[in-house]
Amino acid sequence: MELDEKKYLYLLFILPIVVLVFLINLYWKRRKQREFGDLELVKKLSPESSVFKPVLKLVLLLLALVGIIFGLVNPKIGTKMETVKREGIDIVFAMDVSKSMLAEDVAPNRLEKSKQIVSQIINQLGSDRIGIVAYAGSAFPVLPITTDYSVAKMFLQSMNTEMVSSQGTSLDEAIKLSSTYFDDKSKTSKLLILISDGEDHSEGAESAAEEANKLGMKIITVGIGTEKGGTIPLKKNGIVESFQRDNNNQVVITKLNQAGLIAIAKATKGGYVNGNNTKEVLEYIKNTLDKIQKTEFEATEMADFQSQFQWFLGFAFILLFVDIFLLERKTSWVNKLNLFNENK
């Protein structure tokens, strides 16, 4: 079972407020009755007034509110299994998480810009399988090949420059690790989208790309940053405390290295696109994907979750309907039974 709109669960805090209002109102009525006269005399003047009915109406209202809230939450239950066949390609996103990606020459910074681009690319995908790799001085697997785009976005947003301890931009390690995501025996088209500023990259990136080309991989490189460059702010609690410095205690200016990224793309007959304009990147990726041959994936069983909100809303409206016709005076046949010892 899964909850479609969990945010509405906060509305449950309304319930204790309703109970508090009821108790305050009850206290106010009792106080006014005491001011009017003796309580026993007041009860004799209103013999049909029920002590139990207001409490019952409160319970019905609370249950109705619970039903409405859970109706808004929309619980879903997997009641059906169906076989789904997908057609697409395998795509791995290799994300640069080195310190230079914190530079703010691209708003809000290079790393956040990279996340925005990848998220937008995922949004325009259809049935393709995707995976994510993070790299700096070494490469790190973040998410294996999957068709669950929501999980992919969750992992994507959690990526940061602390994921990989060794610094640098090891593009060759990123390419090698990404190649292990693809099934050598599968005829599915393989695409690596490598996102980086290309600076301080390790040697051997082009040779790694050539090896990837032999495996049938195509690489698209996306350059993030400007050739003018920018400083690397070091923040604490969102406030800039200082800037990254080199061994000579000079403030580091990190710049986009397009040449290295273009060379990697050419080695696999892929392409390079500047990532500073998200719209241009999306159009370029879309045009590239349209030209790549799609293949059918292995059949997969998927749970088809059915919405259950209608049961909760129906339950709530029935209770509200009953509450409308439920008067606060005593019911004659219940009064005869004297279940609540109200006849005194």
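What's counted below: heavy atoms across the whole structure, side chains too, no hydrogens, waters or symmetry copies.
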OG (Ser100) and CD1 (Ile232) are apart, to the nearest 0.5 Å, by 5.5 Å
Interatomic distance, CZ@Phe182 vs CZ@Arg129, rounded to 0.5 Å, equals 10.0 Å
dist Leu171:CG -> Lys176:NZ (nearest 0.5 Å) comes out at 12.0 Å
Joining Ile, Leu, Val, Met, Phe, Trp and Tyr whenever any side-chain heavy atoms lie under 4.5 Å apart, the cluster holding Tyr10 also takes in Phe13
Please evaluate residues Ile130 and Thr147 with respect to the criterion side chain to side chain contact (heavy atoms under 4.5 Å, CB included), reporting the C-alpha separation (whole Å), side-chain torsions for both, the decisive distance (0.1 Å), and the verdict. CA-CA 6 Å; Ile130 59 176; Thr147 54; over 6 Å; no
On a heavy-atom basis, the closest approach of Ala103 and Gly230 is CB-O, 4.3 Å
Exercise. Are any of the side-chain heavy atoms of Val133 and Tyr181 separated by less than 4.5 Å?
Worked result: yes
Same cluster or not: are Val273 and Ile117 linked, directly or through other Ile, Leu, Val, Met, Phe, Trp or Tyr residues, by side-chain heavy atoms under 4.5 angstrom apart? yes
Note: Leu192 and Ala94 closest approach over all heavy atoms is CD1-CB, 3.8 Å
For residues 253-263, the salt bridge (charged side-chain N to carboxylate O under 4.0 Å, His left out) pairs (sequence neighbours left out) are none
With sequence neighbours left out, the residues meeting side chain to side chain contact (heavy atoms under 4.5 Å, CB included) with Gln120 are Asn123, Thr278, Leu282
Within the side chain of Lys218, is there an N or O that forms a donor-acceptor pair under 3.5 Å with the backbone of Lys269? yes
Side chain to side chain contact (heavy atoms under 4.5 Å, CB included) evaluation trace for Val322 with Leu60
CA-CA 8 Å; Val322 171; Leu60 290 177; 4.1 Å; yes
### Query
So, does Asn109 use its side chain to make a donor-acceptor pair with the main chain of Ala107 at under 3.5 Å?
no
_With a 4.5 Å cut-off on side-chain heavy atoms, are Leu143 and Val151 touching?_
yes
*Check whether any side-chain N or O of Thr221 sits under 3.5 Å from a backbone N or O of Leu261 as a donor-acceptor pair, and report yes or no.*
yes
Which of Leu177, Leu191, Ile145 passes side chain to side chain contact (heavy atoms under 4.5 Å, CB included) with Val92? Answer is Ile145
- Message: Side chains of Asp172 and Ser170 only: does a donor on one sit below 3.5 Å from an acceptor on the other?
- Response: yes
Would you mind reporting whether Ile193 and Ile91 have side-chain heavy atoms less than 4.5 Å apart? yes
Q) Just wondering, more than 12 heavy atoms not from Gln310 lying within 6.0 Å of its CD? A) yes
Closest non-hydrogen contact found for Ser138 with Val164 is OG-CG1, 3.3 Å
task = State whether a side-chain donor-acceptor pair under 3.5 Å links Asp148 with Thr146.
result = no
**OP:** Please check if the side chain of Lys115 supplies one atom and the backbone of Met159 the other of a donor-acceptor pair under 3.5 Å.
**Re:** yes
Open item on the list: I'd like to know if the side chain of Asn160 reaches the main chain of Glu162, judged simply by a donor and an acceptor atom lying under 3.5 Å from each other, with no hydrogens or angles considered.
Closed with: yes
Can Phe22 be reached from Val18 by stepping across I, L, V, M, F, W or Y side chains whose heavy atoms are under 4.5 Å apart? yes
Query raised in the report: Does some side-chain heavy atom of Tyr135 sit less than 4.5 Å from a side-chain heavy atom of Leu194?
Result: yes
Basic-acidic side-chain contact under 4.0 Å: Asp90, Lys190: no
Rounded to the nearest 0.5 angstrom, the CD1-CG distance for Ile68 and Leu313 is 7.0 Å
Taking every heavy atom of Lys113 against every heavy atom of Gly275, the minimum-distance pair comes out as CE-O, 3.5 Å
message: Hydrophobic clustering (ILVMFWY, side-chain heavy atoms < 4.5 Å, transitive) - are Leu234 and Leu111 grouped together?
response: no
Other residues, nucleotides and ligands only: do more than 12 of their heavy atoms fall within 6.0 Å of CZ on Phe70? no
*Step by step, work out the side chain to side chain contact (heavy atoms under 4.5 Å, CB included) result for Leu9 and Leu12.*
CA-CA 6 Å; Leu9 287 174; Leu12 290 172; 4.2 Å; yes
In short, salt bridge (charged side-chain N to carboxylate O under 4.0 Å, His left out) pairs touching residues 281-291 with sequence neighbours left out are Lys286-Asp290
The complete set of salt bridge (charged side-chain N to carboxylate O under 4.0 Å, His left out) pairs with one or both residues in residues 219-243, sequence neighbours excluded, reads Glu104-Lys235
Hey, does Asp128 have a side-chain heavy atom less than 4.5 Å from the side chain of Tyr149? yes
### Query
Taking side chain as C-beta onward, heavy atoms only, is Ile132 less than 4.5 Å from Leu156?
yes
Tightest non-hydrogen contact, residues Ser178 and Ala174, listed as OG-O, 2.7 Å
Review point. Same hydrophobic cluster for Trp311 and Tyr8, using side-chain heavy-atom links shorter than 4.5 Å among ILVMFWY?
Key: no
The reported gap from CD1 in Ile219 to NZ in Lys266 (rounded to nearest 0.5 angstrom) is 14.5 Å
Closest non-hydrogen atoms of Ala205 and Ile175, given as atom of the first, atom of the second and distance, are O-CD1, 3.7 Å
Q. Are Asp96 and Arg110 close enough, and set up right, to give a salt bridge (charged side-chain N to carboxylate O under 4.0 Å, His left out), and what steps lead you there?
A. CA-CA 9 Å; Asp96 187 347; Arg110 295 177 184 178; over 6 Å; no
Practice problem: Without swapping roles, check the side chain of Asp197 against the backbone of Leu256 for a donor-acceptor pair under 3.5 Å. | Solution: no
Subject >> Step-by-step side chain to side chain contact (heavy atoms under 4.5 Å, CB included) determination, Thr288 to Ile292 >> reply: CA-CA 7 Å; Thr288 302; Ile292 298 177; 4.1 Å; yes
Output for pair (Ser119 OG, Lys153 NZ), nearest 0.5 Å, gives 4.5 Å
Do Asn213 and Thr268 meet the criterion of a side-chain donor-acceptor pair at a distance under 3.5 Å?
no
For the pair Lys294 (side chain) and Leu289 (backbone), establish whether a donor and an acceptor sit closer than 3.5 Å, ignoring hydrogens and angles. yes
*Check whether any side-chain heavy atom of Phe93 lies under 4.5 Å from a side-chain heavy atom of Val142, and answer yes or no.*
no
**Asked** Do Tyr284 and Ile220 come close enough that some side-chain heavy atom pair is under 4.5 Å?
**Response** yes
Could you see if Val21 belongs to whatever hydrophobic cluster contains Ile69? Use Ile, Leu, Val, Met, Phe, Trp, Tyr and a side-chain cutoff under 4.5 Å.
no
Excluding Leu20, membership of its hydrophobic cluster (Ile, Leu, Val, Met, Phe, Trp, Tyr; side-chain heavy atoms within less than 4.5 Å) reads Ile24
